[in-house]
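The structure under discussion appears below in the form of structure tokens.
Labels below follow one simple rule: chain letters A, B, ... track the order of the sequence lines, proteins then strands, and each chain is numbered from 1. For clarity, every value in this text was computed on a predicted model and none was experimentally measured.
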Amino acid sequence: MTGLKLRNVRKSYGAAEVIKGVDLDISPGEFVVFVGPSGCGKSTLLRMIAGLEEISGGDLFIGDNRMNDVDPAQRGIAMVFQSYALYPHMTVRENMGFALRFAKKPKDEIARAVNEAARILELGPLLDRRPKDLSGGQRQRVAIGRAIVRQPDVFLFDEPLSNLDAELRVHMRIEVARLHKELATTIIYVTHDQVEAMTLADKIVVMRAGVVEQVGAPLTLYDDPNNLFVAGFIGSPKMNFLAGVVEQDRVRLPEFGNQSIPLGHLANPPAQGSEVTVGIRPEAFKRGGAAGLELTIEIVEHLGNESFAYARQSGGQMLTLATEDGRGLQPGQRIEARFDPAHVMLFDTSGQRIR
Amino acid sequence: MSRVFAQARSGLVYAGLSLAAFVSIFPFFWMLVGTTNTAPDIIKGKITFGSALFDNITNLFAQVDMVQVFWNSTFLAIVGTVLTLAISSLAGYAFEMFPSKTRERVFAVLLLTLSIPFAAIMVPLFVMMAKLTLINTFTAILLPSIASVFIIFYFRQATKAFPHELRDAAKIDGLKEWQIFLYIYLPVMRSTYAAAIIIVFMANWNNYLWPLIVLQTNENKTLTLVVSSLASSYYPDYGVVMVATVLATLPTIIVFFLLQRRFVEGLTGSVK
């Protein structure tokens with residue numbers, strides 16, 4: 001098993017810098033997910049690791065070897081693409097064995113590797129078909145099989161499930177997780193889907209505009225985000241953000257009829273009168289919480305297992321509330337949304353977390 | 001009422017199509033009929049099959065070294081097609097895969113050259129070939145045609161539909177750029193190549209003006225030049241001309257029917 005180290009890795013296209021100095025350590029066998037909005041540079045960073053994009057500055061180490069200028073095929077990586085990128089003129093068997101055949105491996109070794117990958121991914125009956133005769137899910141399994149056959153040190157996945165329908169995506173997500181368990185290889189996985197990130201990753205790297213905003217375990221990012229961006233990006237439905245002003249040991253919320261909530265226990269509390277953003281996750285609203293906000297429900301969505309209520313006070317900002325016992329909620333109903341002040345997060349005007 | 005109108009309309013459409021088919025097919029039919037008739041019969045406008053086929057063939061082979069002429073045309077068409085496709089498809093691939101501002105400018109200039117008629121460059125080209133002492137050689141025919149701007153443009157446009165992720169996948173599989181071109185691009189783009197083969201082969205096979213200027217001795221003459229000289233003699237034997245015309249037409253028809261399906265796919269830009 002092999003780990004990776006990125007040291008001040010940069011990428012520029014002319015004057016435009018798209019990756020602005022990324023430092024990252026990936027342990028051997030770790031499942032790391034790059035996540036972020038479109039255009040944040042996550043795919044570019046993955047392609048730089050793969051060797052498909054030149055690295056403009058900094059160092060990339062795979063294992064102990066500096067790989068900046070090494071050919072993609074020599075980096076010990078295999079990549080699975082969003083569009084599968086299967087060679088259309090070859091059968092599944094030929095697609096999977098192509099890299100080995102090209103590396104002039106003996107035929108029986110190629111056959112063994114292809115059959116083993118086909119066994120793992122249950123591709124046996126499809127081996128003599130061409131990609132155009134396969135469904136989307138089957139094509140993606142072949143693309144993964146092609147990667148497995150190469151026995152890489154590091155697997156790179158570039159939004160591999162984006163082209164699949166919702167049901168198949170869940171199925172393939174489980175397949176990828178199973179695969180990681182079975183192969184125990186380092187995986188770097190790019191997605192914009194935070195559910196994929198949360199469910200698959202040992203470690204999530206949240207990116208924005210070419211910068212790593214935070215690195216951590218999924219639940220760490222969920223429970224303890226460093227800034228407004230990460231707090232808003234991780235978690236579905238999105239965290240509620242309320243504008244507030246610090247007054248004594250409370251935060252006054254002007255958009256909510258100047259109701260106030262307790263400041264909570266902070267090591268570095270903000271100065272009196274300073275403006276802050278209050279973050280409350282939709283699922284933090286629970287009966288019996290020590291603090292509360294008086295709101296009027298406007299829309300209710302019942303999903304069966306839980307309900308989402310969208311509520312505000314007299315034309316102010318809309319809040320999302322998620323509750324498992326909300327079947328009785330009705331539009332127009334006035335409620336006191338209770339929550340535990342310990343679950344409230346505060347952010348300063350630059351978006352950094354106040355702890 | 002509307003049914004009658006629809007029937008009348010489809011009747012008109014079929015009548016129009018039948019007329020178009022007749023206009024397209026009749027010259028071929030007349031050509032075939034002509035091969036079996038004597039020159040006086042042809043001039044009289046006889047459009048039924050006669051019994052002069054064998055005589056016409058014998059006369060043609062007596063007048064012209066057809067084996068040599070056929071070989072010349074075939075050699076020039078095949079070698080010209082292979083070279084044109086190799087050079088022009090590589091250029092089209094490169095223009096699309098390695099874009100840069102300079103290359104875009106070069107490409108724009110290349111496209112501009114499409115608007116210059118051949119007649120305008122014929123004389124300078126001849127002078128150039130003469131200085132290179134290539135007059136009356138096949139090289140003089142092949143050299144100016146192998147970098148075809150139209151085919152470069154055609155391949156560049158077709159390459160836009162080539163999935164770039166295939167190239168990335170191939171790089172990760174260890175292929176160099178030329179290997180990607182040879183083992184991935186070429187088979188994936190086979191329909192594009194098929195359409196280009198037909199276009200270039202026909203252009204080369206039917207090439208008349210430039211060979212007429214450059215090829216000066218009989219042993220280098222191509223089929224188009226021979227047909228033309230047979231037809232423009234003082235007393236043209238039209239039966240013989242028709243046999244030569246059939247021979248000149250056959251290869252393009254064969255190439256077209258062999259690649260017909262791919263030709264349509266290639267023109268409609270299908271990459272599967």
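Around CD of B:Q260, the count of heavy atoms belonging to other residues, nucleotides or ligands within 6.0 Å exceeds 12. Counted within 6.0 Å of CD on A:E116, heavy atoms from surrounding residues, nucleotides or ligands total more than 12; the atom is thus considered enclosed. Counted within 6.0 Å of CG on A:D128, heavy atoms from surrounding residues, nucleotides or ligands total more than 12; the atom is thus considered enclosed. For B:F28, the CZ atom is loosely surrounded, since the number of other residues' heavy atoms within 6.0 Å does not exceed 12.
A:R47 touches chain B through its side chain: at least one heavy atom from C-beta onward sits under 4.5 Å away, while N, CA, C and O do not. Neither the backbone nor the side chain of A:R75 comes within less than 4.5 Å of any heavy atom of chain B. Residue contact with chain B, scored on non-hydrogen atoms closer than 4.5 Å, involves the backbone and the side chain of A:I77 alike. In this structure, chain B has no heavy atom under 4.5 Å from any part of A:A147.
Contact record, B:R190 with A:H89: NH1-CB, 4.2 Å, taken as the closest heavy-atom pair. The minimum heavy-atom distance between B:E165 and A:F81, with the atom names listed, is OE1-CB, 3.4 Å. The shortest heavy-atom contact between A:A73 and B:G174 is CB-CA, 3.2 Å. Between A:R146 and B:A169 the shortest heavy-atom distance is NH2-CB, 3.6 Å. The minimum heavy-atom distance between B:I172 and A:A78, with the atom names listed, is CG2-CA, 4.3 Å.
Counting only heavy atoms from C-beta outward, the side chains of B:I184 and A:M90 approach each other to under 4.5 Å. Side-chain contact between A:Y87 and B:V188: absent, with no pair of heavy atoms (C-beta onward) separated by less than 4.5 Å. Within the 4.5 Å cutoff, the side chain of B:D168 has no heavy atoms near those of the A:P72 side chain.
Residues of residues 201-209 of chain B lying within less than 4.5 angstrom of chain A, judged on heavy atoms, are absent.
One finds the CZ atom of A:F98 at 6.5 Å from the CG atom of B:D173 (value rounded to the nearest 0.5 Å). Interatomic distance, CE of A:M79 versus NZ of B:K171, reported as 11.5 Å (0.5 Å rounding).
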